[in-house]
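Below: the structure, in structure tokens.
From a predicted model like this one, the values you see are computed outputs, not experimental measurements. Ligands are counted one by one from 1 in listed order, and the atoms in each one are counted from 1 as well.
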Amino acid sequence: TFSTSLLSYRRPGEPPLVSSWVPFIGKALEFRKDAHKFLEEQRRKYGDVFTVLIAGKYMTFIMDPLLYPNIIKHGRQLDFHKFTQEVVPSTFGYPPVLDEVYPGLWDQIRRSFQLLQGDNLSPLTESMMGNLMLVFRQDHFDQDGGWKTNSMYEFCSSAMFEATFLTIYGKPETGSRHVEMEKLREDFVKFDNVFPLLIAQIPIWLLGQTKAIREKLISYFLPQQMSRWSNMSQFIRRRSELFNQQGQLKDVHKLSSHPLAHHFAILWASVSNTIPATFWAAYYLVKHPEALQVVRQQILDVLRDGGVEFSPNRYTMLSRDQLDKLVFLESSINESLRLSSSSMNIRVAQEDFALRLDAKRSVDVRKGDIIALYPQSMHLDPEIYEDPQTFHFSRFVQDSRGKTDFYKNGQKLKYYLMPFGSGSTICPGRFFAMNEIKQFVCLLLLYFDLQLEDEHKHPSLVSNRAGLGILQPSTDVVLRYRRRAQ
Ligand code: HEM
């Protein structure tokens, strides 16, 4: 039974309401400061299911991962897309995709996500490998072979941003790299820094230059520019066709609410999480040389099995099948995602109803209430993951294969790692993301000896993106790297 000693006007049968002295703001400030800590405290006080008033919205958190499957499979009464449709268009600056205004467009946009998966993943992966190799060769392979230093975040960010951009949007008309890439990334970072505020619906005019910066970013995708790019992914080609049919594309004066901003939204989705995820994956391996050694050896073995003796003087290609065989690398990346991810899965109640939690329990929810899963609590649960704050690179390996059985209360968990969300809102780019992080780490480990300049420094997680994806490091670290001789 739920605690009754609450200052609550909620009805009997509803989850306990976490009380707050500031009714409108609710617990937003505490939540933003450290969401994981805040939710753990409430769980200790109120149990596995409780409601918090956050920024004017009633949010019911389901904290027990054994209850996740019931929420994730819940159909009609819990809507998946309503929440995103309310906040995402105004964040990126495209008009809401309403069926009345754009008949059929919403479904076609969702169908375009298939072009990131299945058979379509192979050309994307191949193209990403070539682009990463290009960036590594031109920016990081100098001849003298001595030690160099660089900000590790900057290293990951510049390579992943540019190679991802080239893979998804294509190459410029002349040359193999877009000349404006550094400027584009600079503007992108400025936008990304205020993203948590925009998505929280802070009006853009309160955020300094953000509106102008966003328009500049959107204008990068004007048809007269994009039409000159070659090697564009099927995914973006298909989406361009869809938006070109909307007929407003020439009106550059309306860049604050423009269909072209969909391209910018995809740029954001494709790099904003991938960059910090790549940082953490690379960082943890360099920090743990014994793990790095095992991961590197497996990459060399997989190449050798494919008939290639690796040489640091040659171009390297790893196929999609070969990437699938790198179970130690995959486990390391999963382990760094477990430690750094903080995404929130949100559903909106479509009517007043009793939400079934398990065979014995249900709670009443009201129309408009938000039901939220917060997987970071599961990722850091010592009952599921022993010694949860520590990086164990082989945590997700068992008998030379990916490990999938994790338990709570003696019961096997259906969901145990959710950096990419769940159910029908799960990230459509997750397979591509995993492959590109693998490719980056492979190149880093194959071509370089790697060290951290200060081995004792350990960045913590910045929590201002809690609920939004992969958290960024609180401080950067300095990477020392040198071309490997053999
Ligand atoms: C959505 C995570 C990389 C494209 C999402 C969501 C999460 C996520 C948590 C929201 C799921 C939800 O609402 O429940 C990540 C992480 C990545 C990554 C952790 C990297 C490590 C990518 C890449 C692409 C991509 C590389 C594209 C190439 C998208 C898109 C959506 C999305 C288009 C919106 C889907 C929709 O509207 O339903 N991602 N993502 N993501 N992601 Fe990713």
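- Of all protein atoms, those of element N, O or S that lie under 2.8 Å from atom 43 (Fe) of ligand 1 number 1.
- Looking at Arg347 next to ligand 1, no N or O pair under 3.5 Å apart turns up.
- By the 4.0 Å heavy-atom criterion, Met418 is excluded from the residues contacting ligand 1.
- Heavy-atom contacts of Ser343 reach the following atoms of ligand 1: 9 (C) (cutoff under 4.0 Å).
- Contact check for Trp106 versus Leu98: no side-chain heavy atoms found under the 4.5 Å cut-off.
- At the shortest separation from atom 9 (C) of ligand 1 among protein heavy atoms lies Pro419 O, 3.5 Å.
- Heavy-atom proximity to Thr274, at under 4.0 Å, picks out these atoms of ligand 1: 3 (C), 20 (C), 26 (C).
- Ring-plane geometry between Phe165 and His178 is classed as perpendicular, the angle between the planes exceeding 60 degrees on a 0 to 90 degree scale with a lower cut at 30.
- Distances from ligand 1 to the non-hydrogen atoms of Ile168 include at least one value under 4.0 Å.
- Between Trp268 and Phe92, the ring planes are tilted. Angles from 30° to 60° get that label.
- Between Tyr385 and Phe406, a ring centre-to-centre spacing shorter than 6.0 Å is recorded.
- A 4.5 Å side-chain heavy-atom check between Leu339 and Phe391 finds at least one atom pair inside the cut-off.
- Looking from atom 21 (C) of ligand 1 to the surrounding protein, the closest heavy atom is Ala277 CB, 3.7 Å.
- For the pair Thr164 and Tyr169, the minimum side-chain heavy-atom distance is 4.5 Å or more.
- The N/O atoms of Arg110, backbone and side chain alike, include one that comes under 3.5 Å of an N/O atom in ligand 1.
- Counting heavy atoms closer than 4.0 Å to ligand 1, residue Ile266 contributes side-chain atoms (C-beta onward) but none from N, CA, C or O.
- Proximity of Val271 to ligand 1, defined as any heavy-atom pair under 4.0 Å, is not found for any part of the residue.
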With ring pair (Phe, Tyr, Trp, His ring centres under 6.0 Å) as the criterion, how do His458 and Tyr283 come out once you've worked through the C-alpha distance, each side chain's angles and the decisive distance to 0.1 Å? CA-CA 10 Å; His458 179 64; Tyr283 166 78; 5.6 Å; yes
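- Between Trp229 and Tyr220, the two ring planes are tilted [angle within 30° to 60°].
- Proximity of Phe113 to ligand 1 is established by a heavy-atom distance of less than 4.0 Å.
- Of all atoms in ligand 1, numbered sequentially from 1 with element shown, those under 4.0 Å from a heavy atom of Glu436 are 26 (C).
- Checked against a 6.0 Å centroid threshold, the rings of His288 and Phe393 do not count as neighbours.
- Every atom of ligand 1 is numbered from 1 in the order shown, and the set under 4.0 Å from a heavy atom of Ile470 is 19 (C).
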Stepwise salt bridge (charged side-chain N to carboxylate O under 4.0 Å, His left out) test for Glu180 and Lys183: CA-CA 5 Å; Glu180 311 90 333; Lys183 186 79 195 94; over 6 Å; no
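- In this structure, the ring of Tyr94 has its center no less than 6.0 angstrom from the ring center of Phe264.
- The aromatic rings of His263 and Phe221 lie tilted to each other, with the angle between the two planes from 30° to 60°.
- What sits closest to atom 12 (C) of ligand 1 on the protein, heavy atoms only, is Thr425 O, 3.1 Å.
- In this structure, Phe155 has its ring center closer than 6.0 angstrom to the ring center of His140.
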